[in-house]
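What follows is a short report on a single structure.
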Amino acid sequence: MFAKDTEMAYNICMNKITLTFPDHTSIEVEDEIRPLTLINRISRDGKKILAVKVNNEICSLDSVINISATLEPVYDDSPEGAAIYRRSLCFILAAAASRFFPGMRLLVGHSLGYGYYYTMDTDKALTEQEITALKDEMRRIIDDDKIIETKLISYKDACAVFEALNMVETRKQLNYRGPSRVQVNTLEDFTDLYFEPLVCTTGALSVFDLMPYHEGFLLRFPAHTDPAVIPEFSDQPKLFEVYHKYKEWGKLLNVTSAASLNQLIHDRTVNEFIDTTEALQIKRIADIADQIQERETARVVLIAGPSSSGKTTTSKKLALQLKAIGYQPKVISLDCYYVGREQTPRDENGDYDYECLEALDIELINRNLLDLFAGKTIDVPSYDFHEGKRHFKGETMTLGANDILVMEGIHGLNDRLTPLIPADKKFKIYLSALTQLNLDDHNRIATSDNRLIRRIVRDSQFRGKDAAATIAMWPSVQKGERLHIFPFQNNADAMLNTALDYELPVLKVYADPLLRCVSPLQKEYAEASRLLNFLNYFSAIPATAVPSQSIIREFIGGSTFKY
């Protein structure tokens with residue numbers, strides 16, 4: 001042991017570094033090296049590498065390694081590789097738009113299927129011919145296999161670059177981060193700023209498409225499961241309409257980016273914005289309550305949405321709005337109807353699959369609903385997750401003439417959950433935490449990032465899980481959402497955006513120290529590091545600014561609702 005320690009100390013003094021590859025072989029090099037020169041050692045299977053993990057941190061292939069490290073490839077058919085591919089395509093699009101439409105602002109929006117929605121900051125939409133020309137320019141850049149350079153420039157130079165390119169929100173963001181050196185990405189004569197790595201040459205981005213959509217267009221890209229093919233487009237008009245309304249609302253308030261929100265925090269005027277965002281969400285819930293009332297035959301409201309979309313708080317707030325217009329609402333969670341661990345199906349890994357429909361007692365759910373609609377009294381079940389068993393603790397329920405049942409759970413939109421219930425007796429609501437904010441002009445905020453940060457905070461506050469544990473199980477959660485929730489979102493009678501545009505500065509206060517506890521020796525470090533960089537774009541808002549019945553309280557605590 002002493003000899004090894006002495007050798008290590010000697011290597012450090014001599015600026016030698018040890019690089020360990022996926023096959024557990026290693027080499028020693030002097031001073032520093034770039035991953036690009038080690039491709040054949042990092043991977044031997046011929047798959048396309050887009051980046052490399054250096055001690056579990058994702059880095060560009062052109063980055064400099066100057067410490068001893070374990071190296072792992074990031075392939076194009078991995079979720080991380082797909083994210084790099086999409087982000088790099090966004091950069092190519094921004095470069096092409098800057099060349100074709102100088103002085104005009106390209107604005108990224110939300111995701112739609114396997115694509116991102118874009119608009120130009122003008123009063124008129126681009127023509128099909130203009131979109132085709134933009135696509136052709138992207139194709140030229142990609143076919144020429146241009147180098148994407150990542151470099152550091154001074155704060156002063158960065159301000160001048162983004163002012164010259166009319167990237168208003170990107171320039172504004174520098175006011176609230178203020179680094180002495182700014183890392184930027186450069187392609188030909190275009191410069192942009194991304195907080196995550198890009199590919200190092202454009203030739204890796206050959207699979208993409210642009211298609212007109214509403215007032216803008218979609219930048220379409222492949223799924224990580226099949227990186228050589230653009231999936232067939234599946235429209236989501238209801239979800240798009242929700243997003244569009246919120247985007248227009250953000251424009252009216254002149255708060256469309258993290259930079260604009262940071263300005264409110266800096267100017268100490270954010271409290272009014274908080275009150276306004278909360279009031280808007282309450283109004284949207286009240287509007288849905290009115291829609292339910294218009295459906296005179298509705299007896300059960302089914303609320304579904306992905307993890308951490310705020311189903312529990314939304315069901316309680318909807319119940320208040322229903323009560324305000326004459327209903328006597330009663331709330332129950334579908335989690336009460338789990339069949340029990342012994343009957344729960346297992347997934348392909350042999351683990352209990354609590355997210356599949358068959359994990360619920362469909363027969364009991366339908367029998368209980370029919371009995372309630374008939375005026376009968378039912379025994380309400382409860383489920384003990386620790387024991388993995390269902391219990392009946394004496395709680396009963398009856399629906400009177402003015403009563404309506406509110407049920408929340410991930411399968412609420414799937415008609416296989418309630419096959420015996422007539423359609424006119426059901427009103428289905430889909431929830432999505434879809435912030436209308438961008439980080440800046442070209443960096444979007446992913447809905448899944450918003451929800452993951454919510455869940456990291458909630459799991460720590462109420463479930464005793466650290467950030468690494470939540471990050472580790474997130475891919476499984478997302479897989480369940482893709483299978484059991486997203487395919488049914490267009491079945492909804494109403495959609496509600498549960499994101500609050502001030503929430504990330506609040507969640508940052510809780511999430512930041514949790515993410516910093518993830519070690520570089522853990523594989524979850526790559527995601528923790530990415531989320532920390534993401535949250536660095538936001539100034540903090542203290543929890544004292546959050547109203548007691550806000551949906552954010554479901555995750556940070558302190559709600560006047562009982563959960």
Side-chain angles (χ1 to χ4, degrees), residues 17-27 33 35 38-39 41-45 47-61 63-87 195-199 223-225 227 307-308 347-353 355 446 448-460 463-482 510-536:
I17 60 174
T18 302
L19 303 178
T20 304
F21 300 102
D23 62 1
H24 304 296
T25 62
S26 62
I27 61 172
I33 196 168
L38 301 168
I39 289 294
R41 293 295 302 268
I42 297 172
S43 173
R44 299 181 184 272
D45 55 14
K47 294 171 65 175
K48 183 186 287 187
I49 300 178
L50 299 184
V52 63
K53 287 185 181 178
V54 180
N55 292 335
N56 286 317
E57 183 176 10
I58 297 177
C59 301
S60 166
L61 290 173
S63 60
V64 174
I65 303 175
N66 52 19
I67 58 171
S68 293
T70 298
L71 307 182
E72 180 183 345
V74 178
Y75 294 120
D76 63 343
D77 63 354
S78 67
E80 294 126 323
I84 293 167
Y85 191 99
R86 297 170 186 181
R87 187 164 55 250
F195 74 96
E196 298 176 65
L198 306 180
V199 297
H224 78 270
T225 51
S307 174
S308 300
D347 61 19
E348 66 274 12
N349 299 318
D351 299 322
Y352 291 112
D353 187 357
E355 297 192 347
S448 58
D449 283 351
N450 198 352
R451 293 189 292 108
L452 174 54
I453 291 168
R454 281 180 171 185
R455 181 141 182 175
I456 287 170
V457 173
R458 185 185 66 188
D459 283 358
S460 173
R463 299 179 181 180
K465 279 188 178 181
D466 61 21
T470 301
I471 291 170
M473 49 78 69
W474 191 244
S476 175
V477 171
Q478 289 185 300
K479 178 184 176 182
E481 294 167 353
R482 289 192 296 270
Y510 295 84
D512 189 283
L514 300 174
L515 292 167
R516 292 186 186 280
C517 289
V518 181
S519 164
L521 300 179
Q522 297 174 280
K523 64 180 180 179
E524 293 80 19
Y525 181 78
E527 184 70 349
S529 178
R530 187 186 70 82
L531 292 174
L532 277 169
N533 288 336
F534 167 67
L535 288 172
N536 192 40

Under a 4.5 Å cut-off applied to non-hydrogen side-chain atoms, are Ser308 and Arg458 in contact? yes
Mind jotting down which residue pairs meet the side chain to side chain donor-acceptor pair (under 3.5 Å) criterion with at least one end in residues 51-60? Sequence neighbours excluded, please. Lys53-Glu80
Flag the pair Ser43 / Tyr75 as yes when at least one side-chain heavy-atom distance between them is below 4.5 Å, and no otherwise. yes
Mind checking the OG-CD1 spacing from Ser460 to Ile456? Nearest 0.5 Å is all I need. 9.5 Å
List the residues meeting side chain to side chain donor-acceptor pair (under 3.5 Å) with Glu481, not counting sequence neighbours, and say none if there are none. Arg451
Please tell me if the side chains of Ile453 and Phe534 come closer than 4.5 Å, counting only heavy atoms from C-beta onward. yes
For Asp23, give me all partners under salt bridge (charged side-chain N to carboxylate O under 4.0 Å, His left out), at least two apart in sequence or on another chain. Arg44
Please report the closest heavy-atom contact between Ala51 and Cys59, naming both atoms and the distance. CB-O, 3.3 Å
Using side-chain heavy atoms (C-beta onward) and a distance below 4.5 Å, is Pro475 in contact with Pro79? no
In short, Trp474 meets Ser307 closest at the heavy-atom pair CZ3-OG, 3.9 Å
Taking the basic N atoms (NZ, or NE/NH1/NH2) and the acidic carboxylate oxygens, is any pair closer than 4.0 Å for Asp449 and Arg530? yes
Return the OH to OG distance between Tyr85 and Ser78, rounded to the nearest 0.5 Å. 13.5 Å
To the nearest 0.5 Å, atom CD1 of Ile27 lies from atom CZ of Phe21 at 4.0 Å
Are the side chains of Ser63 and Pro35 in contact, using a 4.5 Å heavy-atom criterion? yes
The criterion is salt bridge (charged side-chain N to carboxylate O under 4.0 Å, His left out); which residues satisfy it with Lys47, sequence neighbours excluded? Asp77
Counterpart residues, side chain to side chain donor-acceptor pair (under 3.5 Å), relative to Asp351 (two or more places apart): none
When rounded to the nearest 0.5 Å, the distance separating CG of Leu535 from CG of Leu515 is 6.5 Å
Partner set under side-chain contact (heavy atoms from CB on, under 4.5 Å) for Thr225, not counting sequence neighbours: Ala223
Using side-chain heavy atoms (C-beta onward) and a distance below 4.5 Å, is Ile49 in contact with Val74? no
If we count only N and O atoms by modelled type, under 3.5 Å, do the side chains of Thr25 and Arg41 hold a donor and an acceptor together? yes
Quick one, Arg463 with Thr470, criterion side chain to side chain donor-acceptor pair (under 3.5 Å). Give me CA distance, side-chain angles, the key distance, then yes/no. CA-CA 10 Å; Arg463 299 179 181 180; Thr470 301; over 6 Å; no
Which residues pass the side chain to side chain donor-acceptor pair (under 3.5 Å) test with Tyr510, sequence neighbours left out? none
CD/Gln522 to CD1/Ile471 distance, rounded to the nearest 0.5 angstrom? 9.0 Å
Quick one: list whatever passes salt bridge (charged side-chain N to carboxylate O under 4.0 Å, His left out) with Arg455, sequence neighbours left out. Asp459
Listed partners of Glu355 passing salt bridge (charged side-chain N to carboxylate O under 4.0 Å, His left out), at least two apart: none
Test side chain to side chain contact (heavy atoms under 4.5 Å, CB included) on Leu38 and Ile33 and set out the steps. CA-CA 9 Å; Leu38 301 168; Ile33 196 168; 3.8 Å; yes
Val52/Ile58 under side chain to side chain contact (heavy atoms under 4.5 Å, CB included): CA gap, chis, key distance, verdict: CA-CA 6 Å; Val52 63; Ile58 297 177; over 6 Å; no
Would you give the length of the straight line joining atom CD of Glu348 to atom CG of Asp353, rounded to the nearest 0.5 angstrom? 8.0 Å
In short, salt bridge (charged side-chain N to carboxylate O under 4.0 Å, His left out) pairs touching residues 513-522 with sequence neighbours left out are Asp512-Arg516
Under the side chain to side chain donor-acceptor pair (under 3.5 Å) test, which residues partner Glu196, sequence neighbours left out? Arg87
Check: residues 64-71 side-chain donor-acceptor pairs under 3.5 Å, at least two apart:
| unit_1 | atom_1 | unit_2 | atom_2 | d |
| --- | --- | --- | --- | --- |
| Ser68 | OG | Thr18 | N | 3.0 |

